[in-house]
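Step one of this worksheet: look at the structure below.
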Amino acid sequence: MSAQTPSTLLKLARQALLRDETLDMSALDKLPMELFPVLFKEALIGRHTTTVKAMVAAWPFPCLPVGALMKTADLETFKAVLAGVDTWLQKKFHPRRGKLQVLDLRKKHHEFWSIWAEAEDGDCSAKTPDEHQVVKVLPRYALRRRLKVVADLCLRFSLDEEQASLLQWAQQRMGSLQFCCMKMTIWALPLYAIKEVLNVFHPEHIEELELNVEWNVFTLAKFAPCLGQMRNLHKFFLAPIYRNTFHISNRTRDREETHVRKIISQLSKLNCLQHLCMYGINFIKDHMTQILRCLMTPLETLSVTHYQISQSDLNCFSWCQKLFQLKHLDMKGVILFDLDLIPLQVLLENVADTLQSLDLKGCRMKDSQLTVLIPVLSKCSQLANVSFYDNDFSMHNLRNLLQHTANWSKMNVEQYSAPLECYDELGYVSIERFVQLCAEQIDRLRSIRKPKNISFATHICPRCGERCVYGLGTRLCRCWR
Ligand SMILES: [Zn+2]
């Protein structure tokens, strides 16, 4: 009979433990620490709820990143985890040195499990990770007394079963546990429901907020004080908010204006904001100066898309120092064709050493406007992504732009609108000309640098609603297939 290796013996021991549905706490308190991670993982995946509950209560490490294992877990297992925390709370004495400090419910990869999986996969002579190594992967906030429950929340239309049971459980334990949501995504949830969630998961812990609500300015103003409390917010995405565009009385308009100012003023409380993204937010028209004046920190990302910009909005791009370290500028769908682009030129001049992506898709720029930007675009040496789809440039000007891109050595994805010469008098695409002109452009560009992912696209076809694309992923609109 061959001798069984110690790793096989460990496996047999784990199986025996999982079979034992009467597993009690005293037995787990004596279980070697290094057996916990893999046994817990197996118990959770196998939905052994009794074992899961007992193991949470006896968890010997400071952090239990259970969310990373729960991508496919069911409600019963989730409830078993929470019940385990309840048992943990009731225990007066925690014999393990590194007692539980953080229950991490975020459903994303956590280094903890990789470290222990490596130890498990290796042979028995392989060193098991020491406590210091595991503690090192814990975030700063872990080292505190009250058990902290960390979650990312994506709230769509209403709370799902798991979220509802977490919220209900949390509401009853607010005094004895700390709750913290770092990333909150909200889709069309009523304001009262959001406030209920924020009552448990306090706004000051939120680092990323995505607000996809179809509110009007008045409802957003009611939410604004919560936004102002998000002192750790790094990224704020807002879309879309409606403003009255129909005929309304002056009084209503004044009230609306007061609310817009109140909303914008909250930005001055966000001391960590780095990424500001606003999609289709029409109330920011003529308020860009106020918005930029409220910023407390230099932005990495400014994304103001699909809104009607004014010249005064654009003008402040040239003087706002908080924009002068931008890495990403996205003005997709912002119509620029009747504006003076000098302020944009000045901004690009200031960010020439930092800007990595520039999206001017659908801006309807004209040749004369591109001419203003070409000299400064040629200096943006860090650019890796640009989009100029849906602008109105002639062949001559496009050629001029491309000839000035020798500095774009980091360029990865570059998108240009097809030259105006590709369209006939009625505005329909001539496919032969489109293919020929785009091929010529790419050939010419290859003589100055090596484009990786370049494409030219026509405007959306009025007949079929698709566009023709030439370059990587060449595709003709439906009319030509
Ligand atoms: Zn078509």
Side-chain angles (χ1 to χ4, degrees), residues 212 214 239-240 245 277 279-282 303-309 328-339 341 344 357-371 373-374 377 383-403 405 408 411-446 450-481:
N212 292 284
E214 297 193 352
T245 46
C277 309
Y279 168 86
I281 310 297
N282 277 314
S303 170
V304 281
T305 57
H306 301 282
Y307 97 100
Q308 205 185 340
I309 197 169
H328 310 284
L329 176 61
D330 183 359
M331 295 178 69
K332 207 186 291 112
V334 173
I335 306 298
L336 297 174
F337 79 90
D338 56 351
L339 299 184
L341 295 196
L344 182 59
S357 70
L358 175 65
D359 196 336
L360 296 173
K361 178 178 174 179
C363 292
R364 295 283 169 204
M365 285 187 289
K366 300 176 293 198
D367 271 348
S368 56
Q369 294 175 308
L370 182 61
T371 310
L373 300 182
I374 286 175
L377 283 171
L383 274 177
N385 288 285
V386 289
S387 180
F388 293 101
Y389 274 2
D390 291 331
N391 284 284
D392 298 317
F393 303 145
S394 68
M395 185 69 190
H396 171 76
N397 243 9
L398 259 182
R399 195 179 296 153
N400 191 16
L401 169 65
L402 291 172
Q403 270 168 356
T405 60
W408 290 7
M411 184 50 66
N412 183 23
V413 179
E414 44 193 322
Q415 302 180 326
Y416 305 94
S417 51
L420 292 173
E421 287 79 356
C422 297
Y423 304 92
D424 65 19
E425 312 79 62
L426 296 172
Y428 292 115
V429 182
S430 151
I431 288 301
E432 296 79 30
R433 270 193 84 61
F434 170 61
V435 170
Q436 180 212 337
L437 293 176
C438 296
E440 269 174 36
Q441 297 286 338
I442 294 178
D443 278 350
R444 212 178 270 269
L445 184 61
R446 284 208 179 101
K450 291 193 168 46
K452 281 184 203 149
N453 184 343
I454 184 169
S455 57
F456 292 83
T458 63
H459 298 322
I460 298 281
C461 166
R463 288 197 200 104
C464 70
E466 289 183 8
R467 57 173 96 240
C468 301
V469 179
Y470 182 88
L472 200 77
T474 295
R475 190 181 70 238
L476 298 182
C477 83
R478 218 175 291 198
C479 311
W480 297 94
R481 272 184 244 145

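When a ligand or atom number is given, it counts from 1 through the structure's own listing order.
There is a side-chain donor-acceptor pair under 3.5 Å between D367 and N397. For the residue pair S387 / Y416, no side-chain donor-acceptor distance below 3.5 Å is found, with atom types taken as modelled.
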Show me the side-chain donor-acceptor pairs of residues 427-437 shorter than 3.5 Å, one per line, residues at least two apart or across chains.
| from | atom 1 | to | atom 2 | distance (Å) |
| --- | --- | --- | --- | --- |
| S430 | OG | R433 | N | 3.4 |
| R433 | NE | E421 | O | 3.1 |
| Q436 | NE2 | E440 | OE2 | 3.1 |

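Under a 4.0 Å N-O distance rule, the pair K361/D359 does not qualify as a salt bridge.
Listed by chain and number, the protein N, O or S atoms at a distance under 2.8 Å from the Zn ion (ligand 1) are C461 SG, C464 SG, C477 SG, C479 SG.
The ring pair (Phe, Tyr, Trp, His ring centres under 6.0 Å) pairs that include a residue from residues 459-481 are Y423-H459, where partners are two or more places apart or lie in different chains.
Partners of H306 under the side chain to side chain donor-acceptor pair (under 3.5 Å) rule, at least two apart in sequence or in another chain, do not exist in this structure.
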